[in-house]
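One structure below.
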Amino acid sequence: MRDILIGLVIIVVAFIIIDFLYTEKNTCTIEENHITTEAKCGVIKKQLNIDINLFDRYW
């Protein structure tokens, strides 16, 4: 069971690092309170349209 948890942690950390690198070149338009801005967007924002604003990026 412990090995499974360690594997899941490694997968999550690898996904965050890869998505962080992916957001460097991708931008999307974010509208908050009728103000439109360009922001860096990762896979979660582009594919699932879930707003997670962390480290000045939308994951």
Passing option when Ile6 is tested against Ile10, Leu8, Val9 for side-chain contact (heavy atoms from CB on, under 4.5 Å):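 Only match with Ile6 under side-chain contact (heavy atoms from CB on, under 4.5 Å): Ile10.
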Same apolar cluster: Val12 and Ile4, side chain cutoff 4.5 Å: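 In one cluster: no.
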Qualifying residues under side chain to side chain contact (heavy atoms under 4.5 Å, CB included), relative to Ile11, sequence neighbours excluded: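 Result, side chain to side chain contact (heavy atoms under 4.5 Å, CB included) vs Ile11: none returned.
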